[in-house]
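Note that the structure is predicted; figures quoted are calculated from it, not measured. So you know, we letter chains A, B, ... as the sequences are listed, proteins then strands, and number each from 1.
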Amino acid sequence: MAAAAQPPSPGALLAWYDRHRRRLPWRAEPGERADPYRIWLSEIMLQQTTVKAAGPYFLRFLARFPDVRALAAAPLDDVLKLWAGLGYYSRARNLHACASAVIERHAGRFPSNEAALLALPGVGPYTAAAIAAIAFDRPATVVDGNVERVVARLFAVEAPMPGAKPEIRSLAATLAPPARHGDFAQAMMDLGATICTPRKPACALCPWSESCAARRSGAPELYPRKAAKAVRPTRYGVAYLVRRADGAVLVRQRPPKGLLGGMTEIPTGDWSADVDLSVSVSTLAADAPFAAGWRRVPGVATHVFTHFALELAVLVAELPLSTPAPPGARWAAADDLASEALPTVFRKALAHGMSGAVTSAPPAVRRAAS
DNA sequence: TACTCGTGGTA
DNA sequence: TTACCAAGAGT
């Protein structure tokens, strides 16, 4: 009969954190007081987003909007432009709405209790707990993907995700220390990000290795258990790239909500599994927003979203300098394209349309997708 | 509850 | 190349 495993001690994790904590742009140094604005801004950016990807955006936002008042006072479009490329654009809209709410409801200071935080736009259970713990050192059960993985392994939770979330959350709550709530939350996430990683966890370096049921099982990477994934369908569409003689490009504003809501777009037709891109240019051009001398750039621009893949044929047309923009559209100057609130999928379509040779006939050889 | 909602990095 | 993955929220 093996000896009973040691229970995981919060102190052991905190001691590990004191030696191995990551230094991040939004994080206070030991002894410093955390800035709730920076913590909030970073937490929104880090939702489903890697530290590496969010870092440059965080620094740009902080330089442009030093505090919540500056952010609230800015036009939404400025926020969307600065967010372009980071994805999940409802975060940017909610970020702006949340800044205004903090000004109006809380006199410009972030609330410290979880319930009030949870009531703010874009702040869900995880983010409310994270801000309460990290920015205000309040006791809160902070459960993100890292914590779920650490806890699922620590206790060898057999129930598959996402159904196991309630069980994992209650197990996580049992680990809480009597103090240093913010450090503990960050320690859990640092452990998950650097030691208890999804693929090859570095159990030899883990302060909780002697307490970990998944490690004892011999295959810690099998936790958390996961249900089978759904297949990702492909949709097809046509992008209509209109270039004026001076290089300006015709763009539109997307509807305020939904996919890429509020962002700038290159005009396209419907995105559907039923669109056939192998038909003639004239057929594809029949659905164009207006008549023009359309030519097709060989190949397609491809992009993968969370729940579907997209292939866009790109038709290009050149119009005289004097051409007015059609209703609902505007000309974006060539020099301004980089700073437009243009999501990556449209930047790809743009690049595809600008790069490839154009033809009025179907391509003889299928080019590699750009 | 289950689906919607981006992007870039990695093995 | 494909598939998975990353400090989730809103509906």
N-O pairing of [X] and [Y] below 4.0 Å:
X	Y	result
A:Arg69	A:Asp67	no
A:Arg21	A:Asp190	no
A:Arg215	A:Glu210	yes
A:Glu43	A:Arg91	no

Exercise. Is it true that the side chains of A:Gln47 and A:Thr127 contain a donor and an acceptor less than 3.5 Å apart?
Worked result: yes
Classify [X] by what it touches in the nucleic acid, base, sugar-phosphate, or nothing, heavy-atom distance under 4.0 Å.
X	answer
A:Trp26	base
A:Arg347	nothing
A:Leu310	nothing
A:Val345	sugar-phosphate
A:Val142	nothing
A:Lys226	sugar-phosphate
A:Thr127	sugar-phosphate

Interatomic distance, [X] [atom1] vs [N] [atom2] [rounded to whole Å]:
X	N	atom1	atom2	value
A:Glu43	C:dA6	CD	P	16 Å
A:Glu221	C:dC5	CD	C1'	16 Å
A:Met45	B:dG8	CE	P	15 Å
A:Leu95	C:dG10	CG	P	12 Å
A:Met263	B:dT7	CE	C1'	12 Å
A:Trp40	C:dG8	CH2	C1'	16 Å
A:Tyr57	C:dA7	OH	C1'	18 Å
A:Leu46	B:dT7	CG	P	17 Å

Problem set entry | 5′-ward residue of the pair A:Gly122/A:Asp190 relative to DNA chain C | A:Asp190
Exercise. DNA chain C: A:Asn94 or A:Ala193, which has the more 5' nearest nucleotide?
Worked result: A:Ala193
Exercise. Would you say the side chain of A:Arg149 and the base of C:dA6 hold a donor-acceptor pair, judged only by whether the two atoms sit under 3.5 Å apart?
Worked result: no
Determine the Euclidean distance between corresponding [atom1] atoms of [M] and [N]; express it in Å to zero decimal places.
N	M	atom1	value
C:dA7	B:dA11	P	15 Å
C:dT1	B:dG8	C1'	16 Å
B:dT1	C:dA9	P	16 Å

For this session: State the CG-CD1 distance between A:Leu337 and A:Ile266, to the nearest 0.5 angstrom.
Result: 7.0 Å
Exercise. CG of A:Leu41 to CG of A:Leu46: how many Å apart, nearest 0.5 Å?
Worked result: 9.0 Å
Exercise. Can you list the residues that meet the side chain to side chain contact (heavy atoms under 4.5 Å, CB included) rule with A:His20, with sequence neighbours excluded?
Worked result: A:Trp16
For this session: Nearest-nucleotide wise, let me know which of A:Gly87 and A:Arg199 is further upstream toward the 5' end of DNA chain B.
Result: A:Gly87
Review item, nucleotides 1-5 of chain B N/O atoms under 3.5 Å of protein N/O:
| residue | atom | partner | partner atom | Å |
| --- | --- | --- | --- | --- |
| B:dC5 | OP1 | A:Leu259 | N | 3.3 |
| B:dC5 | OP2 | A:His307 | NE2 | 3.0 |

Problem set entry | Geometric cation-pi criterion A:Arg60 and A:Phe58, 6.0 Å radius, 45° cone | no
side-chain N/O [X] vs [N] OP1/OP2, d < 4.0 Å:
X	N	value
A:His303	B:dG6	no
A:Gln48	C:dG8	yes
A:Thr49	B:dG6	no

Exercise. Which nucleotide in the set B:dT10, C:dA9, B:dG8 lies at the smallest distance from any side-chain heavy atom of A:Thr344?
Worked result: B:dG8
